[in-house]
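In what follows, a single structure is set out as structure tokens and then discussed.
In what follows, chains are A, B, ... by sequence order, proteins preceding strands, each numbered from 1. Because the structure is predicted, anything quoted here is derived from the model rather than measured.
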Amino acid sequence: MERLRRHAPGARDRRFPPAPRSGPGPGDDGARGGRGARRDRPGRPREGRPLSATALPPRFEPGPIEARWQEAWQRLGTFRAPDRPSAPPFALILPPPNVTGILTIGHMLGDTVMDVLVRRQRARGRAALWLPGTDHAGLSTQVEVRRRLQKEGVDFGALPREEAVARVQAWKDEHEPRIREQIRAGGFSVDWSRYRYTLDPASARATRVAFVALFDAGLLYRGERMVNWDPRLETAISDLEVVHREEETELLYVRYPWADGSPGGIEVATVRPETIFGDVAVAVHPDDERHRAEVGRSVRVPIVDRIVPVITDPSVDPEFGAGALKITPRHDPVDREIFLRHPDLAEPDEIFDPRARLLGPGVPAELRGLGREEARKRTTERLAADGLLLRRERHRHSVARSERSDAVIEPRLSTQWFVRMRPLAEPVEQAVRRGEIRIWPERWRRTFDRWMEELQDWCISRQIVWGHPVPVDYCRACGRTIASVERPTECPGCHGRELAADPDVLDTWFTSWLWPFAALGWPEPTADLARYYPTSVLVTGRDIMFFWVARMMMAGYRFAGARPFSDVYLTGMVRDAEERRMSKHLGNSPDPIAVIRERGADAMRFALVFPNPTDDDGPFGTASLDGGRNFLTKLWNLVRFTVGHLPDGLAPPRAPPSLGPGSLLENRWILARYHRTAGSVDEALEAFQVTRAATDLHGFVWHDLADRYVEIAKEALAGRRGEPARRETEATLAFVLERTLRLLAPFVPHVTEELWHALPHDGELLATAPWPSAAEVAPDPSAETAIAPVLEAIRLFRNLRAEEEVPLDASPAAWIRPAGDDGARLLAAESATIVRLARLGRLELLTPDAPAPPGSASRVAPEAECYLERPATSPRKVDALARERERLASLLAKARSRLGDDGFRHRAPPQVVEEAEAKARELEERIGRIDRHLEEAAKA
RNA sequence: GGGCGCGUGGUCUAGCGGUUAUGACGUCACCCUGACACGGUGAAGGUCGCCAGUUCAAAUCUGGCCGCGCCCA
């Protein structure tokens with residue numbers, strides 16, 4: 001008590017210069033609200049002791065703390081990567097989010113993982129660069145702007161190109177600050193001085209250079225191919241932007257009558273009757289007996305009466321429908337393939353316009369201009385009216401939709417630019433096979449490999465305005481295709497001056513895939529590129545593994561001549577309370593800014609990495625946020641307690657306290673536990689196991705440090721175990737806590753920074769403090785072993801108290817019978833601790849042959865037998881002991897049956913047999929003791 | 001249709017040949033204890049999806065089945 005008073009005010013006065021605390025803010029006195037009212041209830045006067053015993057306010061308020069440190073880090077340039085690093089670099093790029101989008105909690109997960117990795121490496125002395133950026137997200141941004149303008153009554157499609165671009169640009173300018181603010185608010189240690197944007201001039205140059213290089217290498221081609229056409233957005237999209245979903249539709253059985261007028265015809269099953277106008281043939285399987293006689297005959301296409309042949313093709317599935325397939329080569333990829341295998345078939349007419357409305361000479365006039373839905377309905381009606389509709393069936397099948405607009409994809413022949421992927425893929429496949437690029441968690445390797453094997457060419461041209469133009473001109477005179485970095489003024493072939501620029505823009509990913517080097521300055525030979533490429537690790541969501549990660553690898557080898565990163569860490573998807581993936585699309589992600597404002601960035605960050613694994617899909621919600629907040633509050637109070645109990649001017653812990661044989665067991669133990677924790681955190685983070693590291697730290701802080709160590713150490717800190725013990729304990733606590741804050745800093749940087757400044761420490765900022773080495777402390781397994789019986793005794797006495805309903809304010813007498821001499825010495829030495837933590841009146845050691853103290857309840861541990869004086873009112877029951885006996889008996893039965901098995905005795909390793917025997921002996925012995933206790937209890 | 005992955009107390013999860021199966025949340029009981037009720041102490045709760053097999057020994061390895069998810073067509 002006296003000591004507390006002596007030291008606490010001093011502690012309150014301690015200010016470390018770099019702490020930009022601006023004095024107690026609102027709420028700092030903590031004596032408000034329900035809790036304060038309860039605490040100050042009558043009968044418990046609080047006068048006479050310092051209200052706030054520490055430099056830290058009683059209540060943890062993240063808001064002001066986070067704002068203050070973010071500002072300080074920014075002002076001091078803490079996260080600015082060195083221009084001339086003297087240390088080995090550790091670089092990573094922030095996957096550039098959509099510049100006009102809102103970050104989701106999923107982004108925060110990836111960002112937190114990255115921050116943990118990069119802050120640790122920075123602390124380990126690496127030249128750390130975390131490069132932030134944003135993506136122009138061509139299609140999705142244009143779609144968004146188009147939708148907004150539509151609400152204002154402006155038809156985006158009708159705007160001149162320049163104006164359309166200007167509109168999107170305005171939208172981007174308006175939104176860019178918001179996304180930057182979101183990244184900032186999370187406390188992520190990015191280097192803002194290197195911020196890049198995928199549509200800035202340097203990115204434009206990189207994009208053009210890459211395009212021209214591929215073009216010159218013959219890896220680009222332009223041609224009329226079947227592409228995924230989004231009729232709502234009126235552009236081609238890549239395979240990856242298409243999502244397949246099972247949907248219920250109607251399967252129609254239609255009769256195609258014989259051309260020669262003979263009765264009957266061939267029965268064709270289709271889900272797309274409206275494409276009938278594009279039919280060029282009906283195909284059956286060559287081995288299909290049912291149709292053998294029909295091959296070579298001709299049929300009339302219903303409604304239009306065009307005459308087409310019946311052909312054979314092995315790709316027809318004889319099981320589907322009636323085994324006959326109508327062939328519409330312009331609107332189905334499979335049909336296209338079949339068509340190309342039959343050169344004698346007539347070239348089909350186009351039957352849809354770019355919005356997928358029926359069009360063209362082959363379409364009956366009354367159906368022209370109809371959308372697909374309506375066209376299908378009307379065609380079906382016509383077929384029925386003509387008596388050609390044989391039957392209709394419900395049918396589930398996979399429907400391709402545009403990821404962006406949700407429109408049903410119309411496979412369509414159109415002229416587009418493509419990248420030949422096969423040659424680009426090879427170095428990547430090798431790199432992954434050789435382990436030059438590692439994928440974490442490893443289980444995604446297979447998925448990755450398989451996708452690489454089946455790689456399709458990549459359609460990169462888009463019929464939109466927002467993006468980098470395809471850097472190609474066409475000579476009007478000679479028709480030459482000119483791809484060049486600078487726009488040409490004349491045709492290099494015929495010197496014609498009339499050039500037409502390609503009207504399309506490039507897929508956004510065509511810029512993004514260059515990002516690891518383009519963001520560092522490529523194609524210019526910049527200093528950053530030389531120093532920070534290849535980057536170290538890429539962290540991103542699994543959902544863009546193919547879109548982005550795989551393509552970056554290809555681009556890295558192709559353009560930068562090296563892997564873009566050595567490791568890929570794929571995070572899981574964050575789910576909402578209903579288990580749905582959080583996505584911008586669903587709008588079910590809370591705004592990170594709101595979460596941060598309400599709970600703090602640190603709480604959010606911790607909730608994202610603990611307890612659900614960062615590489616698995618998992619829920620995020622108030623429960624996890626509460627967990628994060630609770631942990632931070634625990635930490636806060638732990639430091640607050642510590643600060644209040646350390647003497648003024650205690651030297652910063654430059655080295656662990658040197659503990660000798662006379663040292664307190666708890667001090668040796670907590671150092672040993674710290675050593676173990678620091679080691680396992682390192683091990684976990686080296687293997688990208690962020691959650692394991694967080695879990696270890698959480699358990700260490702809460703259970704070892706707070707629940708056990710501090711509770712035991714209170715006695716020494718209060719000076720009741722002598723001056724040397726107090727000094728040793730102070731030094732140990734100060735050391736362990738300071739190091740623990742450094743280990744926690746990458747996860748929860750703000751609160752740890754704040755707390756660190758309240759403790760004795762070296763250096764200006766926790767954010768730049770070195771990463772602690774576990775090796776600084778020697779392992780001490782004997783301390784860990786020695787403390788176990790003490791903790792177990794405390795647990796059993798507490799257990800007995802609860803069991804026997806001992807009132808809280810009672811201090812019953814207790815007895816303990818140690819199992820051996822070592823145990824006796826140890827328990828004698830630590831008996832004060834046991835007495836205090838179990839709230840005992842006194843604790844006597846019993847000799848092995850001493851009788852059970854009368855009127856006592858007992859429990860039996862391997863190392864000791866514990867007896868507790870029963871209160872007069874105690875319920876007379878021995879359930880716990882009896883239940884324990886039962887449990888041990890079943891274990892013993894299992895152990896005995898194993899030992900009775902000859903196979904086990906002969907084939908198991910001797911060590912295992914010995915262990916089993918020892919265990920059985922121990923169990924027998926313990927059961928024997930329990931039986932004795934039960935007898936005694938029965939007698940009493 | 002093809003491929004990949006996952007099933008562990010009510011929920012989420014660790015463990016991945018020999019452990020008395022880990023932890024978090026939730027539940028129950030007692031408690032405002034000189035850091036913390038966003039807390040403390042104690043307790044209850046699991047035949048590790050099912051069935052075979054391999055093995056002296058299976059939550060852990062193999063096969064089949066069931067259920068769920070993801071990717072690709």
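Nearest to the side chain of A/Lys634, among B/rC56, B/rC36, B/rC72, sits B/rC36. The side chain of A/Glu454 approaches B/rC72 more closely than any other nucleotide in the set B/rG40, B/rC72, B/rU19.
When heavy atoms are screened at a 4.0 angstrom cut-off, A/Pro909 is found touching base atoms of the nucleic acid. Across all strands, A/Thr695 comes closer than 4.0 Å to no nucleic acid atom at all (heavy-atom distances). Residue contacts for A/Ser398: at a heavy-atom cut-off of 4.0 Å it reaches a base atom on one of the strands shown. Contacts of A/Leu808 with the nucleic acid, taken as non-hydrogen atoms under 4.0 Å apart, involve only primed sugar atoms and P, OP1 or OP2. As judged by a 4.0 angstrom heavy-atom cut-off over every strand, A/Ala706 is placed among the base-contacting residues. When heavy atoms are screened at a 4.0 angstrom cut-off, A/Asn799 is found touching the sugar-phosphate backbone but no base atom. Residue-level contact check: A/Ala908 touches the bases, meaning some heavy atom is under 4.0 Å from a base atom. Across all strands shown, A/Val710 has heavy atoms under 4.0 Å from base atoms, whether or not it also approaches the sugar-phosphate.
Ring geometry for A/Trp440 against A/Phe688 counts as tilted: the plane angle lies between 30° and 60°, on a 0 to 90° scale.
Relative to the six-membered ring of A/Phe60, A/Lys634 misses at least one condition, a distance below 6.0 Å or an angle of at most 45° to the axis.
B/rU55 is unpaired under the criterion used here, namely a Watson-Crick or G-U wobble arrangement in which both key atom distances are under 3.5 Å. For B/rA21, there is no paired base (Watson-Crick or G-U wobble, both distances below 3.5 Å). B/rG46 is unpaired under the criterion used here, namely a Watson-Crick or G-U wobble arrangement in which both key atom distances are under 3.5 Å.
Within 6.0 Å of the CZ atom in A/Arg629, the count of heavy atoms belonging to other residues, nucleotides or ligands exceeds 12. The neighbour count for A/Gln911 CD, taken as heavy atoms of other residues, nucleotides or ligands under 6.0 Å away, does not exceed 12.
With rounding to whole Å, A/Arg446 atom CZ is found 18 Å from B/rC71 atom P. Put simply, NE2 on A/His244 is 18 Å from P on B/rG3, counting in whole angstrom units. Distance A/Glu922 CD to B/rU19 P: 14 Å, rounded to the nearest Å. In this structure, the CZ atom of A/Phe60 is 17 Å from the P atom of B/rC36, given to the nearest Å.
For the pair A/Lys894 and B/rU20, the criterion of a side-chain N or O lying under 4.0 Å from OP1 or OP2 is not met.
Ion pairing between A/Asp809 and A/Arg839 fails under the 4.0 Å rule for side-chain N and carboxylate O.
Map A/Pro862 and A/Arg629 each onto its nearest nucleotide of RNA chain B; the residue landing nearer the 5' end is A/Pro862.
Spacing of C1' atoms, B/rC30 relative to B/rG49, comes out at 38 Å, to the nearest Å.
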